[in-house]
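Each chain gets a letter, A, B and so on, in the order the sequences are listed, and its residues count up from 1.
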Amino acid sequence: MSKGITKRSEDYSQWYIDIVLKAELADYSPVKGCMVIRPNGYGIWENIQKNLDHMFKETGHVNAYFPMLIPESFLKKEAEHVEGFAPECAVVTHGGGKPLEEPLVIRPTSETIIWATYKNWISSYRDLPLLINQWANVCRWEMRTRLFLRTTEFLWQEGHTAHASFEEAEEETLRMIRVYQRFAEEFMAMPVIVGRKTESEKFAGAVHTYCIEALMQDGKALQAGTSHNLGQNFAKAFDVKFQDKDKELKYVYATSWGVSTRLIGGMIMTHSDDQGLVIPPKLAPLPVVIVPIWRSDEEQQKVSEFARNITKDWDPLFYKIDERDQYKPGYKFNEWELKGVPLRIEIGPRDVQNQQVVLVRRDTSEKITLSIDNLKAQVENTLANIQNNLFKKAKERTEANTFTVNSYDEYKERIDGGGFFRVFLDHTNPEVEQKLKEDTKSTIRCIPFDAPQEEGPCMITGKTCPYRVIAGQAY
RNA sequence: CGGGGUGUAGCUCAGCCCGGUUUAGAGCGCUUGGUUCGGGACCAAGAGGCCGGUGGUUCAAAUCCACUCACCCCGACCA
């Protein structure tokens, strides 16, 4: 392992890449834009899956799996959808050595194949709501890729639900964006702004899109999750109707919602530092590492025995004792810090003598000497503190970098410094967004749910707006 | 698709201008043995490369020329 990583202040982008590669979260693959997710990274994804999956099931959803290959013609059935996704689709043209009669698209998202299937599953209001999620990989041929943030193939979950009314679909769409908010804040310790996307930023084929937006350490926004109310667009495109209580045949209402391995990128850029990765305890594949310290064989034996003794009733997945003897303790300290393990326990001969251990927090580097009495509870308590502290720090940073700006001149001056900007912009006018993008490389990130009623003139057109939107530069 | 960069050992790179003492090197990592061990240890001995590919020039190519492939970074598009 090479020493050190690029400092954030020197080159933020390189810092990010260094973290991903050196903490062994992922590796480049032989195919451009694709990445190998290594065990350290996949372990985080597994924890994301585990916790989100639980939340989905709590809210009444079940998992299923739909195929990766979709007939090309399916994509074309919803006009906006095909326009949005066709340019970035990978297409399979051959199978078994022969050209295929109809090319198959590798799913960029699964609305089309799912709605083609739902057509067969839905005939009565009694079949609704249909609440299904799938964990899957998807493929989008992006121009420019970045590890975790935008890769050609990525892992995600996509929920696809069918409802009898627009109102019910709307309720579902909102419910799920709140699930994402809760997950981001409680598990990832990543504060987010919840809101609605503007017309030009919404999902291809949606009536409207809700999103969570997080602010990264470099001041750029990251869209961390989206939830779409698809109205009847897909039902109409795939002819999915149900007979309602009133005997009438109606098109069903749809939602879809997803988060991806991008969340891992968001986690990295929210918490990590110049020492390396910082993983919130609730997502850490390994919450605690124990580093024994010894000189002689005799000491090694004593220290190891002590370590095993104090952990004898601990969950083996909760901790690891690093007994490698080819590395000195200092090396191990640095390595585990680089890899983001939230809490380290150091145990040396002195500690055995005093029946104590030394806890070292990844988030603050604080060293705490503790008696071994009631150690497990103390460790768990400290992990909970780390989790809270990470959220608090991220929240403070986000708030400190959320600015209220009134003039376009001031906005243009400050936008490159990063941050969320609370501004008046007429989001109903596409030209406003167009100009904003051209002038400042920034976009309206969302129309926040909690925007207070406040009238003011659009920074660009002067038209009166009823509330402020959040604008900023994004990943 | 534009702009920039890089391809030589597992990794980071030197060597290339000015072709031949180069039997291709260094540091890190790796293997073996020994000493170390409370913040990235040290010594010794090893293993490991047809220098991205193809073609050319030449008595001679990692080095010069042409073509080509790949990847990375920065922009426009996106979760």
Categorize [X] for me: base, sugar-phosphate, or nothing, with a 4.0 angstrom heavy-atom threshold over every strand shown.
| X | answer |
| --- | --- |
| Q223(A) | sugar-phosphate |
| L263(A) | nothing |
| K441(A) | sugar-phosphate |
| E337(A) | base |
| G348(A) | base |
| P87(A) | nothing |
| Y475(A) | base |

Quickly work out the D325(A) CG to U35(B) P distance and round it to whole Å. 12 Å
Atom NZ of K328(A) to atom C1' of G40(B): distance rounded to whole Å? 8 Å
According to a strict under-4.0 Å criterion, is [X] in side-chain N/O contact with OP1 or OP2 of [N]?
| X | N | value |
| --- | --- | --- |
| R146(A) | C78(B) | no |
| K437(A) | C77(B) | yes |
| S296(A) | C37(B) | no |

With I264(A), the side chain to side chain contact (heavy atoms under 4.5 Å, CB included) member among L147(A), I48(A), I37(A), L283(A): I48(A)
Heavy atoms from C-beta onward define the side chain here; which of [options] lies closest to that of [X]?
| X | options | result |
| --- | --- | --- |
| E335(A) | C72(B), A76(B), G40(B) | G40(B) |
| I293(A) | C78(B), G38(B), C72(B) | G38(B) |
| V358(A) | C72(B), C77(B), G38(B) | G38(B) |

Residues which pass salt bridge (charged side-chain N to carboxylate O under 4.0 Å, His left out) with E171(A), listed by chain and number, not counting sequence neighbours: R175(A)
Any donor-acceptor pair under 3.5 Å between the side chain of R295(A) and the base of G38(B)? no
With a 3.5 Å cut-off and just heavy-atom distances, do the side chain of K367(A) and the base of G39(B) make a donor-acceptor pair? yes
Are any side-chain N or O atoms of R414(A) and backbone N or O atoms of F421(A), one a donor and one an acceptor, separated by less than 3.5 Å? no
Tell me which one of F234(A), W257(A), Y210(A), F85(A) satisfies ring pair (Phe, Tyr, Trp, His ring centres under 6.0 Å) with F203(A). F85(A)
